[in-house]
**Student:** 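Let me begin by handing over the structure; questions about it come next.
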Amino acid sequence: MSTKIEILAPAGSYESIAPAVLCGADAIYLGGENFSARGNAANFNREQLIKTVDFCHKRNVKVYVTLNTLIFDNEIENALSFIKFLCLVPVDALIVQDLGLISLIKKVAPDMPLHASTQMSIHTLSGIQALHELGFKRVVLARELSFNEIKEIAKESPIELEVFVHGALCMSVSGQCYMSAMIGGRSGNRGFCAQPCRLPHKTKGSSDYALSLKDLSLIDYIKELSSLGVTSAKIEGRMKRPEYVAASVAACRYMVDNETVDKNLIKNLQAVFSRSGFTDGYYKGQRGQHMFGIREKENVLSATKNVFSQIHDLYKSEHGRIPVDFKLTVKANEPIMLAAEDDFKNSSKVLGQVPEAAKNISLSQERCIAQLQKTGGTQFFSKNISCEIEPGLSVSNSQLNLLRRECLTAVEKQIKNKYKKISFNETLKENIQKHISSGAPKIRARFNDTNIPKEFSQCELVYVPINSSIDEIKRVQSLGINVALEIPRGMFGIENFIKERLALAKQIGVKDVWAGNIGSVKLAREYGFNIHGGFSLNVCNTYSVEFIKQLGITDIELSFEMTFDQIKNLGSNVKRGIIGYGRVPLMLMRNCPAATGKSGCRDCNSPPTVIDRKKIKFPIICNNGCSEMLNSVPIYLGDKSNEFCNLDFIVLRFTVENFVEKVEKLKSFNNHVKETDGFTRGLYYRGVN
């Protein structure tokens with residue numbers, strides 16, 4: 001039995017299935033017509049999905065379907081209908097992001113394997129442990145993790161790990177990018193990212209493309225990842241053409257099965273698609289200027305007809321991928337018998353004609369083996385062939401060929417039949433209470449530091465950074481301010497530090513924390529804090545709001561990709577709030593854009609700014625090993641209190657404001673002052689695709 005790492009191929013259209021499978025993929029991931037994080041790909045209708053699963057399962061290739069977008073209340077019924085269909089097909093797993101959808105799948109299809117999408121931003125052991133508690137089988141790790149970080153996670157991971165080994169890199173941690181949504185209403189969390197990060201952006205001394213990374217390639221490290229315990233090597237590329245899929249799968253297959261990869265194949269892969277070459281910067285823990293790149297003219301021109309022709313040769317015919325042992329028995333006065341068995345104990349036995357007496361030359365073992373080896377054009381290849389042949393008998397080649405075909409067809413049927421339909425509960429009834437807020441929403445404030453005016457003592461909660469000194473936290477508490485700690489969304493390599501800070505905060509009477517990642521929620525729960533869920537949990541439907549109670553979350557800061565109308569109609573008795581003021585983070589990054597300059601990231605205390613092609617400036621805040629790019633202007637809703645029905649609290653986020661500005665904004669908000677310029681209403685009226 002093979003224990004090699006799984007090669008997981010992308011399929012953005014039906015045309016990519018055969019290239020992926022014939023070049024050696026062990027599994028395929030794809031999206032349906034809705035709820036896929038690659039909404040702009042061709043994707044698959046139901047008929048194509050049935051054909052795909054049939055084609056793949058006959059070849060022992062698994063099919064994972066992405067339902068990895070955020071889902072609004074009015075879409076839940078369609079999503080469940082699609083899940084029912086996928087249970088009947090059946091597919092091998094669902095790749096998911098939305099907490100509400102996860103909770104529903106656990107009820108309607110508890111036997112359906114769940115894989116946590118990279119959109120869930122999982123990058124810590126605590127996050128993986130939380131997923132294990134929720135019944136997940138696998139997690140797709142964040143692309144930003146280093147070898148050492150993956151190694152530490154793999155040592156104790158209770159579920160399967162999937163790692164991207166080739167394809168595009170987003171500047172932002174997946175699931176934490178709101179740039180496309182805020183700028184143009186096309187949400188990356190909903191599958192419609194417009195990729196504004198690939199357009200020109202500059203920082204001081206940088207290139208013109210300070211938000212565009214080269215493509216990732218860890219093909220050379222696949223065996224190393226396998227040795228760590230990684231289950232699946234994933235290739236990004238559902239928006240790319242079949243030739244890219246074929247070349248990337250073939251390269252991974254070469255690496256898994258051999259010591260090195262054919263150099264010409266790598267050359268062709270780079271020719272089909274790259275951005276100034278490839279990078280392994282995150283994996284090697286070497287971030288910086290060398291990781292950035294764009295799609296240049298020479299990258300496009302390198303994809304010649306000759307390159308495509310060579311790639312097409314990789315999948316012009318089927319290569320045997322399933323080993324089969326044959327046993328042939330030829331005896332006088334008995335029907336010929338051929339038995340076959342593959343490595344997974346799928347077996348068949350077929351009977352043919354009674355052999356005739358040989359007139360000239362008796363049937364030989366050599367001729368039988370030669371005929372039984374002719375499995376070309378099928379997914380099988382003969383591994384071992386044994387023959388028991390009595391002398392003086394004759395069997396035609398056509399009879400041997402017929403027996404071989406019938407035997408392999410029967411094995412194929414057994415292989416396909418092992419994929420059983422998954423039960424679906426049609427009688428789901430959810431009695432979720434309607435939400436009724438308890439009067440005017442309370443005010444909460446969030447700060448980047450502890451330079452907090454005493455006027456904020458009127459706030460229900462005030463969030464301060466987790467790395468604030470204990471003395472400073474005590475000082476702020478002495479002002480009568482109810483201090484809560486903000487656990488950073490990016491916890492790469494600092495999980496132990498966070499545990500230490502939580503323990504110290506507990507000792508000085510801090511009772512509350514802000515948690516914007518499932519991993520941080522688990523850590524906060526272990527230390528007994530009141531947990532206030534952050535916007536970055538991307539909660540945007542009634543079922544997600546209800547589900548957070550199971551995670552131990554006290555209340556939730558709703559996704560700012562929701563409209564007021566959607567917010568008003570949310571059910572559940574869980575308290576909820578929105579961001580009413582502040583520059584919302586557009587990206588959470590592990591590579592500071594300022595690092596693209598020749599001097600590197602030197603002036604993060606300024607803070608640095610990113611400037612787009614329209615000369616609009618976006619501040620950068622660096623902390624705890626990550627950077628956040630903030631919106632160019634803050635949200636302001638102080639004069640829109642009439643829209644705050646069904647809300648329990650409003651969050652004011654302070655990032656680049658000075659001491660005086662903080663006080664002024666609090667007063668403006670409390671007095672419902674109408675601002676005239678320099679602000680946005682966010683997406684609360686516009687909404688997203």
**Student:** Applying salt bridge (charged side-chain N to carboxylate O under 4.0 Å, His left out), can you list everything that pairs with R287, at least two apart in sequence or on another chain?
**Tutor:** none
**Student:** Partners of Y543 by ring-ring contact (aromatic ring centres under 6.0 Å, His included), sequence neighbours excluded?
**Tutor:** none
**Student:** Which residues satisfy the ring-ring contact (aromatic ring centres under 6.0 Å, His included) test with F618, sequence neighbours excluded?
**Tutor:** none
**Student:** Please identify each residue that fulfils side chain to side chain donor-acceptor pair (under 3.5 Å) with R525, with sequence neighbours left out.
**Tutor:** E133
**Student:** With sequence neighbours excluded, give me every ring-ring contact (aromatic ring centres under 6.0 Å, His included) pair touching residues 265-285.
**Tutor:** F147-Y283, H166-F278, Y221-Y283
**Student:** Please name all residues satisfying side chain to side chain contact (heavy atoms under 4.5 Å, CB included) with S180, sequence neighbours left out, ordered by chain then number.
**Tutor:** R186, C193, A194, P196
**Student:** With sequence neighbours left out, what residues match F492 under ring-ring contact (aromatic ring centres under 6.0 Å, His included)?
**Tutor:** H123
**Student:** What pairs with E296 under side chain to side chain contact (heavy atoms under 4.5 Å, CB included), at least two apart in sequence or on another chain?
**Tutor:** S276, I294, E298, N299
**Student:** Please list, chain by chain and in numerical order, all residues satisfying salt bridge (charged side-chain N to carboxylate O under 4.0 Å, His left out) with R238, sequence neighbours excluded.
**Tutor:** none
**Student:** Could you pull out all residues at least two apart from K263 that satisfy side chain to side chain contact (heavy atoms under 4.5 Å, CB included)?
**Tutor:** none
**Student:** Can you sort out the partners of D257 under side chain to side chain contact (heavy atoms under 4.5 Å, CB included), two or more places apart, ordered by chain and number?
**Tutor:** K4, R253
**Student:** Report the residues that fulfil side chain to side chain donor-acceptor pair (under 3.5 Å) with Q119, sequence neighbours left out, ordered by chain and then residue number.
**Tutor:** N189
